S.K.: 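Okay, here's the structure, questions in a sec.
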Amino acid sequence: MAVGVFDSGLGGLTVLGALVDKLPDVPFVYLGDNAHAPYGTRPPAEIYDLTCAGVERLWAEGCDLVILACNTASAAALKRMQETWVPADKRVLGVFVPLIEALTERQWGDNSPPREVAVKHVALFATPATVSSRAFQRELAFRAIGVDVEAQPCGGVVDAIEQGDMILAEALVHSHVESLKRRMPHPEAAVLGCTHYPLLEDAFRAALGPDVAVYSQPNLVAASLSDYLARRPEMIGPGRGSKFLTTGDPANVSRKATQFLKRQITFQSA
């Protein structure tokens, strides 16, 4: 019954929390590649190789369906994985599409031509690798026309979160928002395009101001997965138990995860 959740580090725990709340009867196996975090400054070929290795590890745990709860992996690796690597009896899904569906007010599986939508000016905050991939803009273009996207690479934010320095992370958020606003003074919506960023959602909202709608991924991804499993129950794998795995030091990662989510989380070595 298990579903896998993969992230470069701790950010995917924000998605996992929403998934557990939405689907309490489904066991989830979480794998954080903390030994190689962050992914956001790595070249696409390296991100692809690391992501494939992580997904294979989750398949070994009986997770036939794996969620890439990492925007960088979704942006740099997912399309190639789905087209050339994932076998027919497995599925790997990303976190961009549920976000874009919410932004454009389109239902899952709506394959009608792209059309104009209410939001015209969107700020995208993401890792440098996600920004350079232009994956968000590509997926958005399948569904909407006439949307101006200004992307801000948020260097250093994930590093600060992974190191537990939330004061530095918040300062960096304000700096990156100021930088974006110099290019797009009045965004209507802001997309938090990294699953680490919900940990700093209050800082983003404070820096952006009350007139900007902020789209964060965890609840959107959880709703989308719930819908997917209702239609494709055969994709729930044979794994039975929930667990937390890491390629990093389990004690150190457990301590940081517990600090971030304010509940006890114990990781095992992957």
Side-chain angles (χ1 to χ4, degrees), residues 3-9 11-16 18-19 22 38-40 42 44 47-48 50-52 54-55 65-86 91-112 114-115 117 119 122-145 147-154 157-158 187 189-198 201 204 213-229:
V3 172
V5 179
F6 176 77
D7 186 66
S8 62
L13 292 173
T14 63
V15 171
L16 179 68
L19 292 174
K22 185 74 173 177
Y39 279 13
R42 294 183 180 276
I47 295 168
Y48 177 83
L50 290 170
T51 303
C52 287
V55 169
L65 170 63
V66 175
I67 307 301
L68 298 187
C70 172
N71 286 271
T72 301
S74 295
L78 180 60
K79 190 170 188 290
R80 179 181 167 193
M81 292 171 70
Q82 290 175 331
E83 291 176 350
T84 66
W85 184 74
V86 178
R91 289 291 183 277
V92 181
L93 305 177
V95 288
F96 265 143
V97 171
L99 189 67
I100 292 170
E101 288 171 347
L103 186 68
T104 59
E105 298 182 341
R106 289 172 74 116
Q107 297 297 314
W108 193 97
D110 179 353
N111 295 317
S112 60
R115 58 179 181 265
V117 294
V119 176
V122 176
L124 169 65
F125 298 95
T127 67
T130 296
V131 170
S132 64
S133 76
R134 295 189 62 81
F136 178 84
Q137 290 91 326
R138 184 175 65 245
E139 292 290 344
L140 181 63
F142 290 145
R143 297 163 178 81
I145 56 175
V147 181
D148 178 25
V149 177
E150 188 66 50
Q152 174 64 32
C154 297
V157 174
V158 172
V191 171
L192 304 188
C194 172
T195 50
H196 284 75
Y197 297 174
E201 186 171 339
F204 275 102
V214 176
Y215 288 80
S216 186
Q217 290 174 311
N219 289 333
L220 298 174
V221 173
S224 181
L225 178 62
S226 177
D227 182 57
Y228 181 88
L229 291 177

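All heavy atoms count here, side chains included; hydrogens, waters and symmetry mates do not. Because the structure is a prediction, the values reported are computed rather than measured.
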S.K.: Can you name the nearest heavy-atom pair linking L140 to I100, along with the distance?
M.R.: N-CD1, 3.7 Å
S.K.: Please check: side-chain N/O of Q152 versus main-chain N/O of A126, any donor-acceptor pairing under 3.5 Å?
M.R.: no
S.K.: Measuring only between side-chain heavy atoms, which start at C-beta, is V86 closer than 4.5 Å to V55?
M.R.: no
S.K.: Of the non-hydrogen atoms in P218 and A18, which two are nearest, and what is the gap between them?
M.R.: O-CB, 3.4 Å
S.K.: Does some side-chain heavy atom of L13 sit less than 4.5 Å from a side-chain heavy atom of D7?
M.R.: no
S.K.: Restricting to side chain to side chain contact (heavy atoms under 4.5 Å, CB included), what partner residues turn up for R134, sequence neighbours left out?
M.R.: Q137
S.K.: Under the side chain to side chain donor-acceptor pair (under 3.5 Å) rule, what do S112 and R106 come out as? Steps first, then yes or no, please.
M.R.: CA-CA 10 Å; S112 60; R106 289 172 74 116; 3.0 Å; yes
S.K.: Once side chain to side chain donor-acceptor pair (under 3.5 Å) is applied, do any residues pair with Y39, and if so which ones, sequence neighbours excluded?
M.R.: D33
S.K.: T51 pairs by side chain to side chain contact (heavy atoms under 4.5 Å, CB included) with which of L68, V92, V66?
M.R.: L68
S.K.: So which heavy atom on N71 is nearest to which on C194, and how close?
M.R.: ND2-CA, 3.1 Å
S.K.: Should the heavy atoms of other residues, nucleotides or ligands under 6.0 Å from CD of E105 be counted, would the total exceed 12?
M.R.: no
S.K.: Measuring only between side-chain heavy atoms, which start at C-beta, is L78 closer than 4.5 Å to F96?
M.R.: no
S.K.: Is there side-chain contact between K79 and R138, with at least one heavy-atom pair below 4.5 Å?
M.R.: yes
S.K.: State whether the side chain of S224 and the backbone N or O of L220 hold a donor-acceptor pair below 3.5 Å, judged by distance alone.
M.R.: no
S.K.: Under 3.5 Å, is there a donor-acceptor pair between the side chain of T84 and the main chain of M81?
M.R.: no
S.K.: What are the two closest heavy atoms between V122 and V191, and how far apart are they?
M.R.: CG1-CG2, 3.8 Å
S.K.: Is there a side-chain contact between F142 and E139, using heavy atoms and a 4.5 Å cut-off?
M.R.: yes
S.K.: Any side-chain heavy atom of L19 within less than 4.5 Å of one from V5?
M.R.: yes
S.K.: With sequence neighbours left out, write down each residue that passes side chain to side chain contact (heavy atoms under 4.5 Å, CB included) with A123, or none if nothing qualifies.
M.R.: F125, L180, P187, A190
S.K.: Quick check for you: to the nearest 0.5 Å, what is the distance between E201 atom CD and L192 atom CG?
M.R.: 6.0 Å
S.K.: Is there side-chain contact between L103 and L99, with at least one heavy-atom pair below 4.5 Å?
M.R.: no
S.K.: Mind listing the closest non-hydrogen atom pair of P153 and P128 along with its distance?
M.R.: CB-CA, 3.9 Å
S.K.: Over all heavy atoms of both residues, which pair between A144 and P114 is shortest? Give the atoms and the distance, please.
M.R.: N-CB, 3.6 Å
S.K.: Report the C-alpha separation of K22 and V221 in whole Å, then their side-chain angles, then the decisive distance to 0.1 Å, and conclude whether the side-chain contact (heavy atoms from CB on, under 4.5 Å) test is met.
M.R.: CA-CA 10 Å; K22 185 74 173 177; V221 173; over 6 Å; no
S.K.: Contact between Y197 and Q217 at the side-chain level, heavy atoms closer than 4.5 Å - yes or no?
M.R.: no
S.K.: Examine the side chains of T127 and T72 and answer whether a donor and an acceptor come within less than 3.5 Å of each other.
M.R.: yes
S.K.: Quick check: does any side chain N or O of R115 sit under 3.5 Å from a backbone N or O of I145, one acting as donor and the other as acceptor?
M.R.: no
